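Keep in mind it's a predicted model, so treat the numbers as computed, not measured. Reminder, nothing fancy here: chain letters follow the sequence lines and each chain counts from 1.
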Protein chains: 2
Amino acid sequence: MTNIKKDNTEEKILSAAQTVFIRKGMDGARMQEIADEAGINKALLHYYFRSKQQLFNATFESLFSKIIPNVMRMVQSDQPIEVKLEFFIENYIDVLMKNPFLPTFILKEIHQDPEFLEGLIRSSGLEPKKVVEMFKNEIEKGTIRTMDPRDLLISILSLIIFPIASKPLLSLLFFDDDPKSYNEFIEKRKVTVKEFVLHSILIK
Amino acid sequence: MTNIKKDNTEEKILSAAQTVFIRKGMDGARMQEIADEAGINKALLHYYFRSKQQLFNATFESLFSKIIPNVMRMVQSDQPIEVKLEFFIENYIDVLMKNPFLPTFILKEIHQDPEFLEGLIRSSGLEPKKVVEMFKNEIEKGTIRTMDPRDLLISILSLIIFPIASKPLLSLLFFDDDPKSYNEFIEKRKVTVKEFVLHSILIK
DNA sequence: AAATAGTTTAACCAAATGGTTAATTTTTGT
DNA sequence: ACAAAAATTAACCATTTGGTTAAACTATTT
């Protein structure tokens, strides 16, 4: 084995960096705090990643890939739209609930540096055009009503992502700041969102 | 007139602080940058607002009140649900499009300090329970199908807010990074979202 | 017009922060 | 076992940053 120690430390750093960057954002995070979180000396951060910016980029890439659920295969299958939709929604809500701070973190940093995105998207295996294409086919088949397929996809993403991204606000406004109550709500949403969308688009 | 100068400077500071805080966030913003933006000496910031934290709080409160559209009167009117919905959606999209960076900014800072929210919400005139109540009434009247009214409200907010909060991402993914194309899309959304929601909830 | 109070500024300061260096320890190849 | 390479650390450093101070300037009061 070439370098068991190296990999280990690098992973520890990345994991610690994720924790701290998500909690504090790029500007709020401190290199010392990341080092403490990883249980190593601060100089090691620079030894492995040169600068804060590069550590952040590596962290961001790793985090970004996390919120891209592995659903492309399903999208391109020949299951009926109801099944695809259910799979997509449940899968995505699960991913986000395991990382509820991710959407806001990513949205924020994206606002600060939009250019950085392009490469990430290309290399992530994310193919929104394929999803749009799928909806277009359904419209042509006549299973769902006529509408801009981009609109439909964006609406579905909105219904999934926003309630999780705004957890602290919603929790306070509608769930008496009770985590259990909020989590139940999101869990139920897997069904609710599916029904909400299907009611809206299916031709009955 | 007691102090024409004082009011003027204070407003200049707050306006500059809004610009910089929205652009950079609490941690990324620099007092010197705010002073420059306002065209004054940095010490004046502390003269008027004591600390960065207090300046931020004042700024945040002012910004938060901006994204609370003035729709409570409409909600409590006896217009049919279609009209209320249309008014709410158009009004809210307009507010957000004038301040597209606000949702993300607020979401981010809220994650960092959820407790700060409670007082703000109370003093803002925002009454989500009243809106929830309205939907409950419609369900009882039988105009819309049975569902958790909180779910419905949160879904509507999602459909309005998320596509604007994630502007850079969507712009890149679906609109070739062309602002005009994206803006047209959002403008059309006023109708799209209304139809999407009505299709989903109305009993036909 | 002189005294007083309020506003604004330039010059400073201490603490924090990202980053570096040189020395030490650990691992690897022979 | 030993030398070379890699990994890790403690001690520093230069810069940045929020915040202060004392002096200057402006408006107000009497």
Would you mind reading off the distance between [X] atom [atom1] and [N] atom [atom2], rounded to a whole angstrom?
X	N	atom1	atom2	answer
A:Lys12	D:dA7	NZ	P	13 Å
A:Asp36	D:dT9	CG	P	12 Å
A:Lys42	D:dA11	NZ	C1'	11 Å
B:Asn41	D:dG19	CG	P	15 Å
A:Tyr47	D:dT8	OH	C1'	9 Å

Inset, instruction - Please answer whether the main-chain N or O of A:Lys42 pairs with a side-chain N or O of A:Tyr47 as donor and acceptor at a distance below 3.5 Å. - result: no
Inset, instruction - Determine yes or no for a side-chain-to-main-chain donor-acceptor pair under 3.5 angstrom, with A:Ser181 supplying the side chain and A:Asp177 the backbone. - result: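 No, the answer is negative, given that no donor and acceptor are paired below the 3.5 Å cut-off.
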Inset, instruction - Give A:Ala35 one of three labels, base, sugar-phosphate or nothing, depending on what nucleic acid heavy atoms sit under 4.0 Å from its own. - result: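 Touches nothing.
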When you get a sec, tell me which of [options] is the closest nucleotide to the side chain of [X]?
X	options	result
B:Met31	D:dT8, D:dG19, C:dT7	D:dG19
A:Ala43	D:dG19, D:dT20, C:dT21	C:dT21
B:Lys52	D:dG18, D:dT9, C:dT7	D:dG18
A:Tyr48	D:dT8, D:dA10, D:dT20	D:dT8

Inset, instruction - Would you check if the distance from the ring center of B:Phe185 to the ring center of B:Phe175 is below 6.0 Å? - result: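 Yes, close enough.
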Legend entry - Sub-6.0 Å ring centroid separation between A:Phe105 and A:Phe21: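 Not close enough - the centres of the two rings lie 6.0 Å or further apart.
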Inset, instruction - Look at A:Arg30 and C:dG18 and indicate whether a side-chain polar atom (N or O) is within less than 4.0 Å of OP1 or OP2. - result: yes
Inset, instruction - Look at A:Thr9 and D:dA7 and indicate whether a side-chain polar atom (N or O) is within less than 4.0 Å of OP1 or OP2. - result: no
